[in-house]
Amino acid sequence: MIRCPECDAAMNPVTARANPGSLIELDQCPSCGGIWCDRWELFPVQPGEAERLETLDHELLRSRRPARRENLYCPRCTAPLASPADPLLGPDLRLRRCLRCDGIWLKRGQLSRYKRWQEKIREKKLPRDVDLKRLGRLADDPNAWVVTGTGGMFAYPRGRETEVAMSGLLREVLEALVRLIFQ
């Protein structure tokens with residue numbers, strides 16, 4: 001059981017749906033509502049899960065909590081948590097990160113803000129309607145399919161050019177064999 005970096009309460013494991021179709025176990029403080037994400041756990045959490053995990057508890061907000069600590073330490077490896085300024089995240093998202101084990105500490109509400117930011121960036125870089133149209137075209141085109149075979153783990157077939165090159169290669173090999181036999 002790990003302890004909250006801010007209020008030293010024992011953190012509870014919580015399960016969140018993640019992409020693609022998996023579950024991730026995060027740790028959440030029952031006192032302050034903060035969430036600890038181990039390495040690689042923050043990015044795949046689905047946006048709706050952030051809202052579910054950070055529901056507003058009015059009783060918790062009215063109760064007195066211990067003062068928050070100025071220096072925070074990783075609940076896994078006890079290294080100091082750094083607060084790097086990332087210009088891409090903006091000023092309202094100040095995540096605390098362990099530089100030793102790559103875990104991330106999020107105060108209550110920061111997971112939802114991060115997921116909203118992530119969705120905004122995803123839509124800006126890859127609009128949903130363009131993505132669906134492109135996916136439809138790729139599904140209909142067998143030359144775009146990823147296959148396994150002698151070309152490697154993921155060989156992308158080239159279609160007719162590859163077939164022509166293979167038939168040319170086969171012809172050259174046969175001609176060389178015929179020359180060897182009849183000489």
Side-chain angles (χ1 to χ4, degrees), residues 1-135 138 146 152-154:
M1 173 119 351
I2 65 172
R3 306 204 59 84
C4 176
E6 286 200 20
C7 62
D8 201 39
M11 296 179 73
N12 298 328
V14 292
T15 304
R17 286 189 313 261
N19 300 326
S22 60
L23 295 174
I24 291 180
E25 188 173 275
L26 306 172
D27 299 287
Q28 186 173 29
C29 178
S31 178
C32 69
I35 295 176
W36 176 258
C37 298
D38 290 319
R39 173 187 264 173
W40 304 113
E41 286 182 340
L42 176 61
F43 188 75
V45 172
Q46 291 181 353
E49 290 296 285
E51 316 265 322
R52 182 183 64 84
L53 293 174
E54 295 179 332
T55 56
L56 193 59
D57 185 350
H58 294 286
E59 291 300 317
L60 182 64
L61 291 174
R62 283 190 209 115
S63 68
R64 292 185 163 253
R65 290 185 303 217
R68 294 180 185 239
R69 298 176 180 170
E70 190 65 32
N71 296 325
L72 301 181
Y73 296 93
C74 176
R76 295 279 185 214
C77 67
T78 68
L81 294 179
S83 184
D86 189 343
L88 296 176
L89 290 179
D92 63 329
L93 277 172
R94 297 294 303 235
L95 310 177
R96 300 271 185 128
R97 181 173 164 241
C98 177
L99 299 177
R100 187 181 301 158
C101 71
D102 289 329
I104 295 178
W105 172 249
L106 303 126
K107 293 180 182 180
R108 177 184 290 280
Q110 285 185 325
L111 180 60
S112 296
R113 283 196 302 269
Y114 176 80
K115 287 298 166 180
R116 282 192 298 271
W117 172 82
Q118 187 182 34
E119 283 298 307
K120 188 172 24 173
I121 295 299
R122 183 176 289 146
E123 285 185 14
K124 187 187 305 180
K125 290 190 174 195
L126 188 62
R128 187 161 180 77
D129 58 340
V130 172
D131 185 35
L132 291 176
K133 288 177 188 173
R134 189 173 142 230
L135 183 61
L138 290 176
V146 176
M153 179 73 174
F154 298 105

What distance separates [X] [atom1] from [Y] [atom2], expressed to the nearest 0.5 Å?
X      : Y     : atom1 : atom2 : answer
Ile104 : Leu81 : CD1   : CG    : 10.5 Å
Cys98  : Asp38 : SG    : CG    : 10.0 Å
Cys77  : Ile2  : SG    : CD1   : 11.0 Å
Leu111 : Glu51 : CG    : CD    : 9.0 Å

List for me each residue that meets side-chain contact (heavy atoms from CB on, under 4.5 Å) alongside [X], sequence neighbours excluded, and say none if there are none.
X      : value
Thr78  : none
Asp102 : Arg39, Arg97
Pro80  : Tyr73
Glu49  : Ala16, Arg17, Val45, Gln46, Arg52

**Request:** Sequence neighbours left out, what passes salt bridge (charged side-chain N to carboxylate O under 4.0 Å, His left out) with Arg3? Give chain and number order.
**Result:**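 Expected list: Asp8.
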
**Asked** Does the Glu6 side chain pair with the main chain of Cys32, one donor and one acceptor, at a distance under 3.5 Å?
**Response** no

**Message:** Given 3.5 Å as the limit, does a donor-acceptor pair link the side chain of Glu54 with the main chain of Arg108, or not?
**Reply:** no

Do any side-chain atoms of residues 21-28 form donor-acceptor pairs under 3.5 angstrom with protein atoms, and if so which ones, sequence neighbours left out?
unit_1 : atom_1 : unit_2 : atom_2 : d
Asp27  : OD2    : Arg76  : NH2    : 2.9
Gln28  : NE2    : Gly33  : O      : 3.4
Gln28  : NE2    : Leu53  : O      : 2.9

Taking only residues at least two apart or on different chains, which pairs with a member in [range] satisfy ring-ring contact (aromatic ring centres under 6.0 Å, His included)?
range           : result
residues 74-93  : none
residues 83-120 : Tyr114-Trp117
residues 21-45  : none

**Asked** What pairs with Gln118 under side-chain hydrogen bond (donor to acceptor under 3.5 Å, both in side chains), at least two apart in sequence or on another chain?
**Response**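 Partners of Gln118 under the side-chain hydrogen bond (donor to acceptor under 3.5 Å, both in side chains) test: Lys115.
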
**Request:** Give the minimum heavy-atom separation between Met11 and Cys29, together with the two atoms involved.
**Result:** CE-N, 3.8 Å

**Asked** Can you find a heavy atom in the side chain of Cys4 that is under 4.5 Å from one in the side chain of Ser31?
**Response**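 No, too far: nothing below the 4.5 Å cut-off.
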
**Asked** Do Arg116 and Arg113 come within less than 4.5 Å of each other through their side chains, counting heavy atoms only?
**Response** yes

